[in-house]
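All chains are named by letter (A, B, ...) in the order of the sequence lines, taking the proteins before the strands, and each is independently numbered beginning at 1. Note: hydrogens, waters and symmetry copies are ignored here, and every other heavy atom, side chains too, is used.
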There are 2 protein chains.
Amino acid sequence: MEADFALGAVQVSSSPQERFSEYLQSRGKRITQQRRALIDHVFERHDHFDADELIANLSRTELGDKVSRPTVYRTLNELVEAGLLRRMNLGGRAVYEHDYGYPQHDHLHCTMCDTLIEFQSDELQRIRDAVGREHRFRVTGHRLIVSGVCQECSTKRHRRASPLDLV
Amino acid sequence: MEADFALGAVQVSSSPQERFSEYLQSRGKRITQQRRALIDHVFERHDHFDADELIANLSRTELGDKVSRPTVYRTLNELVEAGLLRRMNLGGRAVYEHDYGYPQHDHLHCTMCDTLIEFQSDELQRIRDAVGREHRFRVTGHRLIVSGVCQECSTKRHRRASPLDLV
DNA sequence: CTACGTGCAAACGGTTTGCATTTGG
DNA sequence: CCAAATGCAAACCGTTTGCACGTAG
């Protein structure tokens with residue numbers, strides 16, 4: 001999957017690596033080779049990925065197959081818990097993206113090529129909070145995915161997006 | 001799960017049963033006992049449910065255990081395809097609600113009791129379409145889930161909503 | 001009569017887990 | 001040292017599928 005640099009990073013005081021170390025140490029967890037390899041790889045560039053892509057991608061590097069599948073899953077969970085990654089669910093599988101040092105945003109999801117395009121809307125945020133207030137609901141977050149077909153795919157030959165494609 | 005009658009039904013020309021029959025016949029599919037039992041049960045009242053709840057619920061009726069698990073799954077897929085049900089994904093499993101004759105809406109999801117509260121926002125629709133235009137993206141639909149804690153759960157004793165709870 | 005649908009059991013795919021072994025602090 | 005993490009293989013869980021039998025039209 002291609003990187004989407006639609007939004008700029010916000011400045012943060014420490015690197016993801018430092019953040020993760022703090023998180024681990026504060027919980028008596030250890031900084032292992034595998035965790036280092038994973039966080040370095042994951043924060044090398046901003047994109048969306050699932051566990052399989054990460055594993056495939058990782059095994060192409062020198063770090064190679066030094067990290068097993070279960071460890072990848074375990075570490076992804078830790079990175080989410082540490083606030084470094086955000087997880088969303090797309091058609092049954094978990095998809096991850098950078099959270100730490102990255103602004104709140106939502107996604108357009110092309111049902112043909114599966115690409116995720118990021119966008120930001122303050123208005124949306126406003127609506128979300130207003131609706132929460134109306135229902136006396138304490139809002140902690142939201143997930144919006146707009147489904148459709150991206151420009152490139154629109155110009156190519158078509159297949160109908162079925163209702164089954166909707167997230 | 002409780003029914004949420006937050007929004008009123010819009011009037012439609014034919015019943016879900018009739019709609020389903022049309023759908024089936026137009027495709028050379030058959031109107032079987034099982035399909036009848038399922039659509040009657042599903043449209044008895046408006047609520048959100050997953051496959052397991054439907055099966056459990058159904059086996060409590062006289063129709064009893066006349067419908068097997070695979071048939072429930074197969075029929076749910078047909079009902080979605082027929083435009084009678086909408087499917088959304090909540091924490092790994094599929095959740096269904098009435099689509100036919102029911103207005104477009106989104107959900108507040110309480111991460112403590114798992115209840116879904118419906119709300120409607122024209123503004124949201126507007127934003128969605130505007131964003132699509134900006135990105136030359138042909139929008140076919142969207143899914144928004146606002147996570148948080150509902151009023152009842154807020155007043156009860158707490159457990160922290162972890163980031164893992166986010167849809 | 002003959003597809004189409006069903007039920008069963010088994011497969012599936014993404015993710016998690018029990019356990020013996022390795023390793024960080 | 002020893003608790004925590006890893007790798008392996010197996011379990012898990014929601015969902016789908018192959019196949020022989022049943023049934024709608």
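dG14(C) atom P lies 17 Å from atom CE of M88(A), rounded to whole Å. Across the protein-nucleic acid pair, N89(B) atom CG and dG14(C) atom P stand 14 Å apart, rounded to whole Å. Remark: P of dT22(C) and CZ of R35(A) are 19 Å apart, rounded to the nearest angstrom. In this structure, CZ of R27(B) is placed 18 Å from C1' of dA3(C), rounded to the nearest angstrom. Look at CD on Q34(A): it is 13 Å from C1' on dT21(C), rounded to the nearest Å. Between the C1' atom of dT6(C) and the CZ atom of R36(B) lies a distance of 15 Å, rounded to the nearest Å. Between the CG atom of L79(A) and the P atom of dA5(D) there is a distance of 13 Å, given to the nearest Å. Residue Y23(B) contributes atom OH, which lies 10 Å from atom P of dG5(C) at whole-angstrom precision.
Distance alone, capped at 3.5 Å, is enough to place a donor-acceptor pair between the Y100(B) side chain and the S14(B) backbone. In this structure a side-chain-to-backbone donor-acceptor pair under 3.5 Å is missing from T71(B) to V67(B).
Cluster membership for L54(A) and Y73(A), using ILVMFWY side-chain heavy atoms within less than 4.5 angstrom, is not shared.
Between S68(A) and dT6(D), a side-chain N or O to OP1/OP2 separation shorter than 4.0 Å is absent.
Note: H98(B) and F43(B) meet the aromatic proximity criterion, with ring centroids under 6.0 Å apart. Taking the six-membered ring for Trp and the full ring otherwise, the centers of H48(A) and Y96(A) sit at least 6.0 Å from each other.
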How does protein reach along nucleotides 16-25 of chain D, written 5' to 3' as B (base within reach of a heavy atom under 4.0 Å), S (only sugar-phosphate), or - (no contact)?
BBB----BBS
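Each of D52(B) and L24(A) lies near DNA chain D, and the nucleotide nearest L24(A) is the one positioned closer to the 5' end.
In summary, R143(B) and D106(A) do not engage in a salt bridge, as defined by a charged side-chain N under 4.0 Å from a carboxylate O.
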